[in-house]
Amino acid sequence: MHKLLNDSPGEEIMLLGNEAIARGAIEAGVAFATTYPGTPSSEISLNLFQMSQESDLYFEYSTNEKVALEVAAAAANSGLRTFCMMKHVGLNVAADPLMTLAYVGVTGGMVILTADDPAMFSSQNEQDNRYYAKFGNLPMLEPSSVPEAKEMIKYAFDLSEELNQPVLLRTTTRINHSNAFVTFGEMKPRQTKGKFIREPLRCVTVPAVARQLHSKLLDKMNKAKGLSETSDFNPVEGSGKAGIIVNGVSLHYALDAVEDLGIKDNTKILRLGFSNPMPEKLIKEFLKGCEKVLVIEEGEPFMEEAVKAFAQEAGLTIPISGKSEALFSRLYEYDPAMVREKIAVFFGVDYTPKTKLDTADVPQIPMRPPNLCSGCSHRATFYEVKQAAGDMDIICPTDIGCYTLGFLPPLNMGDFVICMGSSVSTSCGFGQATDQKVVSFIGDSTFFHSGITGLVNAVFNNHNFTLVILENDITAMTGHQPHPGVDMERFGLDGFGRVNIEELVRTLGVEHVSIVKPFKVKKSIETIREALEYKGVSVIISREPCALYAKSMKLLKPRAFKVSDRCVDHRDCINTIACPSFYLEAGKVKIDADTCVGCAVCAQICPENAITPLKK
Amino acid sequence: METTRLIMVAVGGQGNLLASKVLGEAALISGVPVRMSEIHGMAQRGGVVESAIVFGDATSSIISDSEADILLGFEPSETLRALNRCSKDTKVITNTATLPPFTVSIGKGVYPDVENIKKLIKAKCASLVAIDAMKLAKEAGSPMSVNIVLLGALVQSGSLGFTKENVIEAINRRTKKAFLDMNLNAFELGYEAAQNYGN
Ligand code: SF4
């Protein structure tokens, strides 16, 4: 049985934050869950996906976050406990349903999780999604630790049902990807079938209805504010004239800091875990006893601005600070030493940080950037497009996935990327705005997510570019989740449909469609060259399963290659495709037989035919 | 309880996440509070993987620069890169078997000399234990057990506040049964190597 399905209240177990959240949802009796995978949220959905195969929990990988949220909105309006999770930028995709779902509300408990990524460990921006709660009028909870995340999601479902309102649960990477001991609680039974009761005056948001709903929404948020005022998730710890207001993981940095600085006895700390709507009275009360208040929050001054406004209303003129040149930044994530130092600065406490090591004599250490795997078909495709394009002046819009790494040298394929699906639509724009040739790249999962609409636009407006769809049969980057083009029988699952990308593209009206097998280098280059010459929209589908996935599923039997003594050392192989299986030994190119999967791309590139199978 | 801050750095695929799971389990068995944080976004694509493990009373789950009490490096150049996490009081344990990054093969950097790495760390930090964990792992039965060899060295030389027996029990609980003997062997080899280091 899945470890998170164990009905063993009291069991203590080390869990990843994302596992704790999945377990919390199960303990809350979640019946319906939807997502589009995105780091740092991916392990929540992975665990729910696994559990859905062993229980009556309904789980789906939806095509994108907007779809996921709409599917979930229906379930929550049929009375089911529903959970929809995504990474922070995913909520941008889902923002359209989000804003109006807030008006409509829910009949079953609904939790929407946004996993923010301060410092952008695996994201294209570090937007602070707490503003969505304010913007959309959603109650919001923010855990400070892994065990608390599990408890908070349970409360989030109750809160949602109390208010008939979706609740936003906002985490950051350091919650999602931390491990801590968690104690299992009781599991509520799941109610897996609901009933939709027609209520057009709540559910059909024509203007006349929506006007009523907006006013009701504000009433709900008023009620939520009352709950936030007395919530156990907004505790005040300690007493004294020095005040700290903090959220999320920074709580622990602050707690450790006041201990280390020896100011615990005259400092009080208010942690906002139920942070929208803000507990106005509680905050004003807190401020009254303080001489100075420091607000500690990663990201934007979300709490700080509210706290300052409350102080103004309460007629308080004490110094309140947070984001400033001398104190906290709006950039990146915080850490214990930084918080300790800023607290010392603000409250005037003596403090000497640990002395940094003098590293002046440490030699330069070569960088270790992530790289496409050995035998990754993307590498072959990039190489072939480059060869086919020759000295054409090309622009390569790219998209979000492993293949974004193609922008690194020596491939250098990737010139523009802003969000999921943008490769296709920006190609429309570049093709129109310039005389340069546009060749763009998108993965299969990303194409389903939000590439299709761009391609429809291209056909309709008669744009001019070549789109390469990298069809590797999986959502590779986030840990190998399925997508609508995947054969689910490979996962041992039946009862799924399958969308064929080639048919889809042809049906959309793309006239020039070609298929390449990227490990056939010469043939692929010829086919690509022809597509590049086409005036109008041409699509190349490059078909080859993700090597890492194929290897782990034993769909691929590695058959390593070696460099023979015909090698004359001009290093075309290393310098043009940069497969990580190459290494240099005494100045000679070698292939690591343990990692080479035998795609044979290098063997086809080597002009000396020096690269040959290790075993005949 | 005194707080001990451990940073582990490795290259994707070296198994440091399993190593931290074993340490977490050992802490549970020993009744030591523990919190861990890991960054593994691009781990499978050959990037650097870092885990921070905080044992004891502090409540934070990450470790600031210069504040690691122990640094365990799975790869010598990565150990060196992580020196900014250390102070003169840090105990360092490192594997000496190299995994040169790809940038070296394409001529974008020079791999530092391992003897020099050792010398630099020794001069700057409180102590150094440097062992060829790859060689020992192969001796134990598989290169895959590098992580457990290094755990053995860590437990011998670090001050983690739990016994060898508890770690062995944790290995029992957390690693695959089929590899148990190999892992226990790997653990012993790492433990002994650290014990004999410098003798
Ligand atoms: S995981 Fe798959 S798609 Fe991603 S780099 Fe590796 S082989 Fe390529």
Side-chain angles (χ1 to χ4, degrees), chain A residues 12-14 16 39-40 121-122 145-146 173-174 177-181 249 251-253 255-256 259-260 333 335-340 353-359 361-373 402 405 409-410 477 479 548 571 574-575 578-580 582-584 589 594, chain B residues 3 11-12 20-21 24-25 27-28 33-48 51 53 57-67 77-78 80-81 83-84 86-90 100-113 116-117 120 123-125 143:
Chain A
E12 209 183 354
I13 174 172
M14 169 73 73
L16 186 67
T39 312
F121 291 104
S122 43
S145 72
V146 169
T173 305
R174 294 298 183 177
H177 286 171
S178 284
N179 284 275
F181 292 120
V249 287
L251 169 69
H252 295 289
Y253 312 156
L255 286 172
D256 288 350
E259 182 83 47
D260 295 345
E333 65 168 1
D335 65 77
M338 168 211 268
V339 169
R340 196 187 307 131
K354 277 244 183 203
T355 322
K356 281 200 174 117
L357 287 180
D358 173 13
T359 50
D361 56 345
V362 170
Q364 266 234 313
I365 305 160
M367 299 295 286
R368 195 185 292 275
N371 193 349
L372 295 169
C373 302
C402 291
L405 294 173
M477 171 84 152
L548 184 62
R571 299 191 190 171
I574 287 200
N575 293 336
C579 172
F582 289 122
Y583 63 99
L584 294 176
V589 179
D594 290 337
Chain B
T3 299
V11 175
S20 41
K21 288 216 169 71
E25 194 69 34
L28 176 68
V34 63
R35 282 150 312 284
M36 330 199 271
S37 181
E38 54 206 32
I39 287 301
H40 47 70
M42 288 289 227
Q44 286 184 306
R45 317 294 177 278
V48 184
S51 323
I53 312 185
D57 282 341
T59 64
S60 305
S61 65
I62 64 170
I63 299 169
S64 300
D65 286 354
S66 313
E67 298 198 345
S77 73
E78 293 311 325
L80 189 63
R81 202 194 307 276
L83 265 192
N84 63 327
C86 303
S87 70
K88 62 176 185 7
D89 305 319
T90 308
F102 188 74
T103 42
V104 171
S105 343
I106 54 173
K108 292 227 164 11
V110 184
Y111 195 92
D113 172 58
N116 190 32
I117 293 179
L120 285 165
K124 294 177 196 298
C125 298

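The analysis underlying the following values was restricted to heavy atoms, covering all of them including side chains, and did not include hydrogens, waters or symmetry mates. On a predicted model such as this, the values are computed, not experimentally measured, just so you know. Below, chain A is the first sequence line, B the second, and so on; all start at residue 1.
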With a 4.5 angstrom heavy-atom cut-off, could you sort out which part of [X] is near chain A: side chain, backbone, both or neither?
| X | value |
| --- | --- |
| B:Leu120 | side chain |
| B:Asn84 | neither |
| B:Asp89 | side chain |

Part of [X] lying under 4.5 Å from any heavy atom of chain B:
| X | answer |
| --- | --- |
| A:Leu255 | side chain |
| A:Thr173 | side chain |
| A:Glu12 | both |

Drop me the distance from [X]'s [atom1] to [Y]'s [atom2], to the nearest 0.5 angstrom.
| X | Y | atom1 | atom2 | value |
| --- | --- | --- | --- | --- |
| B:Ile53 | A:Ser178 | CD1 | OG | 11.0 Å |
| B:Thr90 | A:Lys354 | OG1 | NZ | 6.5 Å |
| B:Ile62 | A:His177 | CD1 | NE2 | 14.5 Å |
| A:Ile365 | B:Thr103 | CD1 | OG1 | 11.5 Å |
| A:Arg174 | B:Ser60 | CZ | OG | 11.0 Å |
| B:Met36 | A:Met14 | CE | CE | 4.0 Å |

If you count heavy-atom pairs within less than 4.5 Å of chain B, which of A:Arg340, A:Glu333, A:Arg571 leads?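 If we count pairs closer than 4.5 Å to chain B, A:Arg340 comes out on top.
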Flag the one option from A:Asn575, A:Asp335, A:Leu357, A:Leu584 with the top tally of heavy-atom pairs under 4.5 Å to chain B.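 That would be A:Leu357.
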Working for side chain to side chain contact (heavy atoms under 4.5 Å, CB included), residues B:Arg35 and A:Ser145: CA-CA 10 Å; B:Arg35 282 150 312 284; A:Ser145 72; over 6 Å; no
Residues A:Val362, B:Leu80; criterion side chain to side chain contact (heavy atoms under 4.5 Å, CB included); working and verdict: CA-CA 8 Å; A:Val362 170; B:Leu80 189 63; 3.8 Å; yes
Does A:Phe181 form a side chain to side chain contact (heavy atoms under 4.5 Å, CB included) with B:Val34? I'd like the steps, not just the answer. CA-CA 8 Å; A:Phe181 292 120; B:Val34 63; 3.3 Å; yes
Checking the side chain of B:Lys108 only, and the main-chain atoms of A:Pro366 only, is there a donor and an acceptor separated by less than 3.5 Å?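 Not a single qualifying donor-acceptor pair exists.
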Show the numbers, then the answer: is there a side chain to side chain contact (heavy atoms under 4.5 Å, CB included) between A:Asn179 and B:Glu38? CA-CA 8 Å; A:Asn179 284 275; B:Glu38 54 206 32; 3.2 Å; yes
